[in-house]
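What follows is one structure encoded as structure tokens, with my remarks underneath.
Quantities reported herein were computed from a predicted structural model and do not represent experimental measurements. Convention: sequence-line order gives letters A, B, ...; per-chain numbering from 1. Every heavy atom of this structure was used, including side-chain atoms; hydrogens, water molecules and symmetry mates were not.
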Amino acid sequence: MRDSASWEPTSYRTHTIGQVSENGASMAGSEVTIAGYAETVRGRGAICFLMLRDGTGHIQAFLKRDNMDEGSFESIQSASRESTIQVTGTVAQKRPPKVAEGEPVPPPEYEVNVSSGTILAEAAAPLPVGVTDDVQVGLDVRLDNRHLDLRRAHVNAMFQLRSKVLQYGRDHLIKEGFQEINSPKIIAAAAEGGTNLFPMKYFETEAYLSQSPQLYKQLAVLGGLERVFEIGPAFRAEKHDTYRHLNEFISFDIEGAWMDDEDVMGVQERMIHHIWTEVSNNDQDLMDVINEYRATQGQDAVTVDVPSLPFPRIPYCDAIEIVKDGGGEIEWGDDIESHHCDLIAAKYPGFHFLPRWPMAMKPFYIHHKEEEKGTTGGQLSRGFDLNYGRDEMTSGGAREHRVDVLEQNLRNMGLEPEDFAFYTDGFRYGAPPHAGWGLGVARLLMVLTGAGNVREVVLFPRDRSRVTP
RNA sequence: GCCCCGAUGGUGUAGUGGCCUAUCAUGCAGCCCUGUCGAGGCUGCGACCCGGGUUCAAAUCCCGGUCGGGGCGCCA
């Protein structure tokens, strides 16, 4: 539940439910108006218990037929679950619950003795997914009814954590001198070869949805913005169907001048360290809500283990050896696949960088040094990944700032430098060496919250077969 | 794109050719109970994805479709 201590009153309430339930002792006797969802309504003829929930807490409203207008008493008593209800009344201490012999007496709780109330909007029944039911609902049904799914405490907690993660990440980057930018999402050409783009009609011409801010954040740095970051959508028209892929996702990107791959790996590990530290210090209550739910599902609790710095660095050539030693079939030059990552993760649980990939496997904008060769003599690059377990979180690297090499790289990959003139022209008038990375926000959230599917931590996910709601 | 699996009330499930007029939970409706609080008790409501086929008989077996799940590829 959110901390609402500083929230101002609104037209519909004098206090949040959190403000009342957390300050019951000092507020006892004062009149409040609150509003929320009806979590349960227990009627007993002459009296009625209404459990109300808003985004900040729960509280019981106590209704007595003699104390209020009979019509509104009747309507609230017969209200369906999840209806929104506004009540006005006096804060008072609840009668303590019966406890078994020998059990500890719980601390005093407070309720609102209602003098008037209104149903703001009746909820249809039955609910397509229960908000407080024990039955476990399939993900697809939940996503079809995300508006109700979000009312569940642990789902709500995940999205509050998401907001916190972005906040802490922003705070850290700003502290390191990065400034936030927004790059265009409607573009004329592929930013990187390889991934499929969604075409769209743009007046009389054809355009595409951007699959990465890559080229634009580089242009911002070349232009002198020095250190930039962007948190924005990326679109990929790939027909993948896995727990970790979506066709629209939020990419957390940075780019910095006068930096190489090692420098931006440092930025990344410090940022993740900061995020984990802050969550650990400030948001354990949200983790508790998630863990309460996990316990009901027989899942282990997730803990916020602040990773130590620096993160391990396992150069590509070493990673190949680890996979081979673990019995995996792989050769230098092969991609490191998910089952290979399991072998590496067995040795390096937690976050770990995989730097110095073969140049042939990296996009044209990745920098390489001619003298850096792999174990079989192949050209290495200054591109890296950040993995956690078997999952890739980040892809990044030092960028190629030599325009002649950049154009040769394009040609090597079967692309026409002329098609990228808008980009390569940015390198013709003095380009600072620079580096950066792109981080999948939802993948990071999966690690933090223990979510087994990226869709859990995306509000309205877009995959191959889902464009609604 | 490839491989494997699945579809039963609103939701989650039991079910392995006849015991199915289909189980249980949750939900919903109603009744009982004047302080409940995971409320409780009683009564009721509500389902075999669609289209073909096999069979005396199909929720159950076969084929096709649709939708979903898992794995892989590709990536963040």
Side-chain angles (χ1 to χ4, degrees), chain A residues 39-51 58-66 77-78 80-82 92-99 106 109 111 113 123-145 148-149 192 194-196 211-214 231-253 292 296-297 334-341 361-363 385-388 390-396 437-447 452-455 458 463-466:
Chain A
E39 205 158 275
T40 57
V41 186
R42 284 187 283 271
R44 302 198 55 167
I47 61 171
C48 168
F49 305 97
L50 167 69
M51 184 59 81
H58 296 83
I59 201 163
Q60 176 170 285
F62 177 65
L63 289 74
K64 206 167 185 174
R65 188 189 295 270
D66 299 344
Q77 189 174 46
S78 58
S80 51
R81 297 195 308 168
E82 297 302 319
Q93 190 173 335
K94 261 171 86 172
R95 294 196 187 177
K98 287 171 216 146
V99 291
E109 287 188 71
E111 65 183 4
N113 282 141
L127 301 167
V129 306
V131 172
T132 55
D133 296 1
D134 288 334
V135 280
Q136 198 191 340
V137 183
L139 184 58
D140 206 51
V141 174
R142 290 173 47 203
L143 292 176
D144 284 340
N145 299 280
L148 277 173
D149 186 49
E192 321 173 17
T195 47
N196 297 316
Q211 94 263 45
S212 165
Q214 181 61 34
I231 303 170
F235 306 90
R236 306 246 168 120
E238 292 167 344
K239 293 181 176 177
H240 34 46
D241 211 356
T242 76
Y243 66 89
R244 62 188 185 280
H245 289 95
L246 292 173
N247 295 293
E248 174 181 348
F249 65 96
I250 299 300
S251 181
F252 195 142
D253 276 82
E292 272 174 43
T296 68
Q297 304 303 308
D334 290 344
D335 198 9
I336 299 177
E337 295 168 0
S338 290
H339 55 285
H340 299 139
C341 290
M361 303 173 63
K362 283 292 165 187
D385 285 353
L386 175 75
N387 280 31
Y388 185 100
R390 61 164 19 207
D391 295 324
E392 183 179 336
M393 302 280 122
T394 293
S395 184
W437 42 254
L439 165 71
V441 170
R443 290 194 181 174
L444 194 64
L445 259 293
M446 286 174 74
V447 173
N453 193 309
V454 73
R455 292 161 180 78
V458 174
D463 63 30
R464 190 175 175 177
S465 57
R466 178 180 288 283

Rounding to an integer number of angstrom, what distance separates [N] and [M] when you compare their [atom1] atoms?
{"N": "G51(B)", "M": "U11(B)", "atom1": "C1'", "value": "27 Å"}
{"N": "A59(B)", "M": "U23(B)", "atom1": "C1'", "value": "13 Å"}
{"N": "C61(B)", "M": "C56(B)", "atom1": "C1'", "value": "16 Å"}
{"N": "A29(B)", "M": "G46(B)", "atom1": "P", "value": "15 Å"}
{"N": "A58(B)", "M": "C63(B)", "atom1": "C1'", "value": "15 Å"}
{"N": "U26(B)", "M": "C45(B)", "atom1": "C1'", "value": "14 Å"}
{"N": "C49(B)", "M": "U60(B)", "atom1": "P", "value": "8 Å"}
{"N": "G73(B)", "M": "C3(B)", "atom1": "P", "value": "16 Å"}

So, Glu39(A) and His58(A): side-chain donor and acceptor under 3.5 Å apart, yes or no?
-> yes
Sequence neighbours excluded, the answer for salt bridge (Lys or Arg N to Asp or Glu O under 4.0 Å) partners of Asp463(A) is Arg455(A)
Residue whose nearest RNA chain B nucleotide is more 5′ - Glu392(A) or Arg455(A) | Arg455(A)
Closer to the 5' end of RNA chain B via nearest nucleotide, is it Leu439(A) or Ile47(A)?
->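 The 5'-side residue here is Ile47(A).
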Please name the pair of heavy atoms, one in [X] and one in [Y], separated by the smallest distance, quoted to 0.1 Å.
{"X": "Glu82(A)", "Y": "Ala123(A)", "value": "C-CB, 3.6 Å"}
{"X": "Gln77(A)", "Y": "Gly45(A)", "value": "NE2-N, 3.4 Å"}
{"X": "Val454(A)", "Y": "Ala442(A)", "value": "CG2-CB, 3.3 Å"}
{"X": "Trp437(A)", "Y": "Phe252(A)", "value": "CZ3-O, 3.5 Å"}
{"X": "Asp144(A)", "Y": "Arg466(A)", "value": "OD1-NH1, 2.9 Å"}
{"X": "Ile336(A)", "Y": "Cys341(A)", "value": "CG2-SG, 3.9 Å"}

What is the separation between atom [atom1] on [X] and atom [atom2] on [N], rounded to the nearest whole Å?
{"X": "Arg464(A)", "N": "G71(B)", "atom1": "CZ", "atom2": "C1'", "value": "14 Å"}
{"X": "Asp144(A)", "N": "U11(B)", "atom1": "CG", "atom2": "C1'", "value": "13 Å"}
{"X": "Asp66(A)", "N": "G35(B)", "atom1": "CG", "atom2": "P", "value": "14 Å"}
{"X": "Leu50(A)", "N": "G35(B)", "atom1": "CG", "atom2": "C1'", "value": "15 Å"}
{"X": "His339(A)", "N": "G71(B)", "atom1": "NE2", "atom2": "P", "value": "14 Å"}
{"X": "Asp335(A)", "N": "G73(B)", "atom1": "CG", "atom2": "C1'", "value": "10 Å"}
{"X": "Ile336(A)", "N": "A76(B)", "atom1": "CD1", "atom2": "P", "value": "14 Å"}
{"X": "Asp391(A)", "N": "C75(B)", "atom1": "CG", "atom2": "P", "value": "15 Å"}

Categorize [X] for me: base, sugar-phosphate, or nothing, with a 4.0 angstrom heavy-atom threshold over every strand shown.
{"X": "Val441(A)", "value": "nothing"}
{"X": "Pro233(A)", "value": "nothing"}
{"X": "Thr394(A)", "value": "sugar-phosphate"}
{"X": "Glu337(A)", "value": "sugar-phosphate"}
{"X": "Phe62(A)", "value": "base"}
{"X": "Gly130(A)", "value": "nothing"}
{"X": "Val129(A)", "value": "nothing"}
{"X": "Glu39(A)", "value": "nothing"}
{"X": "Leu139(A)", "value": "nothing"}

Measuring from the side chain of [X] (C-beta onward, heavy atoms only), which nucleotide among [options] has the closest atom?
{"X": "Arg390(A)", "options": "G71(B), A76(B), G35(B)", "answer": "G71(B)"}
{"X": "Ser395(A)", "options": "G71(B), A76(B), G35(B)", "answer": "A76(B)"}
{"X": "Gln60(A)", "options": "A76(B), G12(B), G35(B)", "answer": "G35(B)"}
{"X": "Asn113(A)", "options": "G35(B), A76(B), C74(B)", "answer": "G35(B)"}

Contact under 4.0 Å: Ser338(A) side-chain N or O vs G73(B) OP1/OP2 | yes
Does Arg42(A) put a side-chain nitrogen or oxygen below 4.0 Å from OP1 or OP2 of A39(B)?
->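 Yes, such a contact exists.
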A correct 5'-to-3' footprint of nucleotides 22-30 of chain B, with B, S and - meaning base, sugar-phosphate only and no protein heavy atom under 4.0 Å, is ---BSSS--
Under 3.5 Å, side chain of Arg236(A) to main-chain N/O of Gln211(A), donor-acceptor pair present?
-> yes
Check: [X] side chain, [N] base, donor-acceptor under 3.5 Å:
{"X": "Lys94(A)", "N": "C37(B)", "result": "yes"}
{"X": "Glu111(A)", "N": "G35(B)", "result": "yes"}
{"X": "His245(A)", "N": "C74(B)", "result": "yes"}

Hunt down the Watson-Crick or G-U wobble partner of C2(B), both distances under 3.5 Å, from any strand shown, or write none.
-> G71(B)
Give the intermediate values and the outcome of side chain to side chain contact (heavy atoms under 4.5 Å, CB included) for residues Arg81(A) and Val131(A).
-> CA-CA 9 Å; Arg81(A) 297 195 308 168; Val131(A) 172; over 6 Å; no
Atom pairs under 3.5 Å: protein N/O with N/O of nucleotides 64-68 of chain B:
from	atom 1	to	atom 2	distance (Å)
G68(B)	OP1	Ser465(A)	OG	3.4

Do Phe49(A) and the base of G35(B) stack face to face, with centres under 5.5 Å apart and an angle between planes under 30°?
->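 Given the distance and angle limits, no, they do not stack.
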